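So the structure is just underneath, and the comments pick up after that.
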Amino acid sequence: MNILLLLNCFLFVITLSEYLICIKYINYEYDYKNAWFNILLSVSLTPSYFILLIKDVNRNKFREYAKPENRIQLFYPFATGLLYTVETVMLFYALNTLTLSYYTILRSGFILFNIPFFKYLLHKKITAIYLSSCVLLVISHVIIITNYANTQPSESLPINTLIIFISCFLNATYNNIIEYSVKKYKIPNIDFQIFFQITYFLFVIGPSIYYTVQDLPQIDGLTMVLYALIALGLQMYMYNKIYILNNKNDFIPANILLSSLDLLRRIIQLLFSFLFFNEQFDRYIVLSLLFFAVSSFMLMYQYFRDNRMIRHVELEEIG
């Protein structure tokens with residue numbers, strides 16, 4: 001694994017963890033639960049990409065994308081940006097009423113939806129390790145859903161649980177489409193990020209401003225820092241994700257590395273939810289977390305095992 005890939009993996013884990021923790025902190029400490037304000041924060045830095053158009057070389061590059069023979073390359077960031085928009089709006093609403101631990105564990109379900117994409121889109125082998133990881137994750141989900149339904153029943157729990165699983169499907173869909181398209185058309189990471197984020201920006205900027213004005217956020221020194229971390233984290237994590245998905249290893253789906261990292265960073269979020277947010281913690285939660293952790297480390301093991309195997313084969317061919 002090269003240094004840049006390692007750096008992007010690290011930043012992916014950190015930025016994706018910190019923005020969710022900041023959102024939940026604002027929920028708990030300020031009792032402010034405006035999903036549209038969080039969405040507004042997520043696009044607040046998007047206009048900065050237009051600064052790139054100052055240079056002629058960038059304007060010429062975008063003109064190249066606009067040519068009829070290259071427009072297919074624009075379809076993928078626009079399509080995935082639309083899917084991301086739907087997913088984000090749904091998730092931010094669900095996140096307002098769910099505990100961080102429940103949200104964190106169930107959102108890992110996207111690895112289950114990777115399977116058909118691996119088989120029919122990326123044409124990659126689905127290993128016994130990956131399938132075993134999925135089985136363990138399903139067991140973890142069954143335990144925690146049953147536990148929360150019995151101990152914290154609410155009218156919104158079933159619909160929010162359904163929303164999370166729909167979002168898992170959307171997440172797996174656009175992750176795999178990104179991996180497929182950036183490798184097939186050799187789209188640079190920053191180009192994909194710009195078109196992807198602008199698509200998301202155009203869909204949400206109107207309603208996010210309107211509904212934020214209807215319910216203004218708390219403003220003080222601490223919240224301003226938290227808002228900045230949320231905005232920066234949401235921009236950075238998507239760029240890190242695109243970089244990881246553009247990993248040049250053609251044998252192993254980059255989504256396996258992404259999945260293992262995504263499950264790993266959830267452990268950080270779970271620690272915060274139990275230690276700092278005082279969320280429910282009992283033997284059933286522990287049992288669910290145990291299956292969840294084993295599932296996470298199995299995916300990580302598969303990636304590094306397969307990566308070592310490929311390096312060994314490459315060295316043999318060079319020899």
Side-chain angles (χ1 to χ4, degrees), residues 12-42 87-110 137 140-161 163-165 167-168 171 215 217-234 236-237 261-293 295-296:
F12 174 81
V13 171
I14 296 301
T15 55
L16 192 48
S17 300
E18 61 90 354
Y19 94 77
L20 282 168
I21 291 169
C22 290
I23 288 175
K24 291 309 290 183
Y25 181 85
I26 293 169
N27 286 169
Y28 289 129
E29 294 298 320
Y30 294 89
D31 194 30
Y32 183 69
K33 299 180 178 181
N34 185 348
W36 283 105
F37 175 66
N38 294 327
I39 293 170
L40 180 61
L41 289 176
S42 72
E87 177 205 27
T88 302
V89 173
M90 293 172 67
L91 281 182
F92 279 4
Y93 268 100
L95 189 59
N96 279 337
T97 55
L98 292 174
T99 63
L100 183 59
S101 56
Y102 188 79
Y103 168 91
T104 297
I105 294 177
L106 289 195
R107 269 286 285 169
S108 59
F110 74 93
L137 196 61
S140 174
H141 286 177
V142 170
I143 293 172
I144 199 167
I145 291 173
T146 303
N147 188 50
Y148 271 75
N150 291 331
T151 59
Q152 300 186 36
S154 68
E155 292 183 2
S156 63
L157 186 64
I159 185 63
N160 283 333
T161 300
I163 284 174
I164 291 180
F165 282 121
S167 76
C168 288
N171 186 271
D215 182 14
Q218 176 81 23
I219 300 295
D220 59 38
L222 177 58
T223 57
M224 290 300 292
V225 172
L226 295 174
Y227 300 153
L229 288 173
I230 293 170
L232 182 62
L234 279 161
M236 282 295 298
Y237 114 82
L261 291 170
D262 203 276
L263 293 176
L264 187 61
R265 63 93 183 173
R266 292 177 195 277
I267 295 174
I268 298 174
Q269 291 173 203
L270 289 167
L271 289 174
F272 269 85
S273 67
F274 298 130
L275 296 177
F276 297 99
F277 298 149
N278 298 316
E279 294 183 3
Q280 176 186 341
F281 191 73
D282 55 33
R283 65 181 182 274
Y284 294 104
I285 299 292
V286 172
L287 186 60
S288 176
L289 289 175
L290 179 62
F291 283 105
F292 175 81
S295 173
S296 304

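None of the values given here were measured: they were computed from a predicted structure.
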Q) So with a 6.0 Å cut-off around CZ of Phe92, is the heavy-atom count from everything else above 12? A) yes

Q: Test side-chain contact (heavy atoms from CB on, under 4.5 Å) on Tyr19 and Leu232 and set out the steps.
A: CA-CA 8 Å; Tyr19 94 77; Leu232 182 62; over 6 Å; no

Q.
Restricting to non-hydrogen atoms, name the atom on Gln269 and the atom on Ser17 that form the minimum distance, rounded to 0.1 Å.
A. OE1-CA, 3.7 Å

**Q.** From Glu87 atom CD to Phe110 atom CZ, the distance as rounded to the nearest 0.5 Å
**A.** 10.0 Å

Q. Under 3.5 Å, is there a donor-acceptor pair between the side chain of Asn96 and the main chain of Lys33?
A. yes

(Q) Are Ile143 and Ser140 packed together at the side-chain level, in the sense that at least one heavy-atom pair is separated by less than 4.5 angstrom? (A) no

Q.
Suppose we screen for side chain to side chain donor-acceptor pair (under 3.5 Å). Which residues come up paired with Asp220, at least two apart in sequence or across chains?
A. Tyr30, Thr223

Q: First locate atom CG of Leu287, then atom CG of Leu289, and finally report the distance between them rounded to the nearest 0.5 Å.
A: 9.0 Å

Q | Audit row: Gln280, Thr151, side chain to side chain donor-acceptor pair (under 3.5 Å) steps and yes/no | A | CA-CA 9 Å; Gln280 176 186 341; Thr151 59; 3.1 Å; yes

(Q) Please check: side-chain N/O of Asn150 versus main-chain N/O of Thr146, any donor-acceptor pairing under 3.5 Å? (A) yes

**Q.** Straight-line distance of Ser288 OG to Ile105 CD1, nearest 0.5 Å
**A.** 4.0 Å

Q) Which pair of non-hydrogen atoms, one from Ser156 and one from Ile159, has the smallest distance, and what is that distance? A) O-CG2, 3.1 Å

Q.
I'd like to know if the side chain of Arg266 and the backbone of Thr104 have a donor-acceptor N/O pair within less than 3.5 Å.
A. yes

Q: With side-chain contact (heavy atoms from CB on, under 4.5 Å) as the test, would you mind laying out the steps for Ile267 and Phe292 before giving the verdict?
A: CA-CA 9 Å; Ile267 295 174; Phe292 175 81; 4.2 Å; yes

Q.
Working to the nearest 0.5 angstrom, can you tell me the gap between Leu95 CG and Asn27 CG?
A. 6.5 Å

(Q) Asn160 vs Thr97, test: side chain to side chain donor-acceptor pair (under 3.5 Å). Steps then yes/no. (A) CA-CA 8 Å; Asn160 283 333; Thr97 55; 2.7 Å; yes

(Q) Once you measure the plane-to-plane angle for Trp36 and Tyr93, does it fall in the parallel (<30°), tilted (30-60°) or perpendicular (>60°) bin? (A) perpendicular

Q. Nearest 0.5 Å, what's the OG-CD1 distance between Ser42 and Ile23?
A. 8.5 Å

Q) Would you say the side chain of Ile14 lies within less than 4.5 Å of the side chain of Tyr237, judging by non-hydrogen atoms? A) no

Q) Between Phe165 and Leu106, does a side-chain contact (heavy atoms from CB on, under 4.5 Å) hold up when you go through it step by step? A) CA-CA 7 Å; Phe165 282 121; Leu106 289 195; 4.1 Å; yes

Q) Any sub-3.5 Å donor-acceptor pair from Asn34's side-chain atoms to Asp215's backbone N or O? A) yes

Q | Ser101/Glu279 under side chain to side chain donor-acceptor pair (under 3.5 Å): CA gap, chis, key distance, verdict | A | CA-CA 7 Å; Ser101 56; Glu279 294 183 3; 2.7 Å; yes

Q) Quick one: ring pair (Phe, Tyr, Trp, His ring centres under 6.0 Å) partners of Tyr102, sequence neighbours excluded? A) Tyr148

Q: Take Leu20 and Tyr103, measure what side-chain contact (heavy atoms from CB on, under 4.5 Å) needs, and give me the verdict at the end.
A: CA-CA 10 Å; Leu20 282 168; Tyr103 168 91; 4.0 Å; yes

Q. With under 30° as parallel and over 60° as perpendicular, where do the rings of Phe37 and Tyr227 fit, or are they tilted in between?
A. perpendicular

Q) Considering only heavy atoms from C-beta outward, does the side chain of Ile268 approach that of Glu18 to under 4.5 Å? A) no

Q: Could you check if a side-chain atom of Ile26 sits within less than 4.5 angstrom of a side-chain atom of Ile230, using non-hydrogen atoms only?
A: yes

**Q.** From CD1 (Ile21) to CZ (Phe276), nearest 0.5 Å
**A.** 9.0 Å

Q: Identify the two heavy atoms, one from Ser273 and one from Leu100, that lie closest to each other, and give their separation to 0.1 Å.
A: CB-CB, 3.9 Å

Q) Can we say Glu29 and Lys24 salt-bridge, meaning some charged N sits less than 4.0 Å from an Asp/Glu carboxylate O? A) no

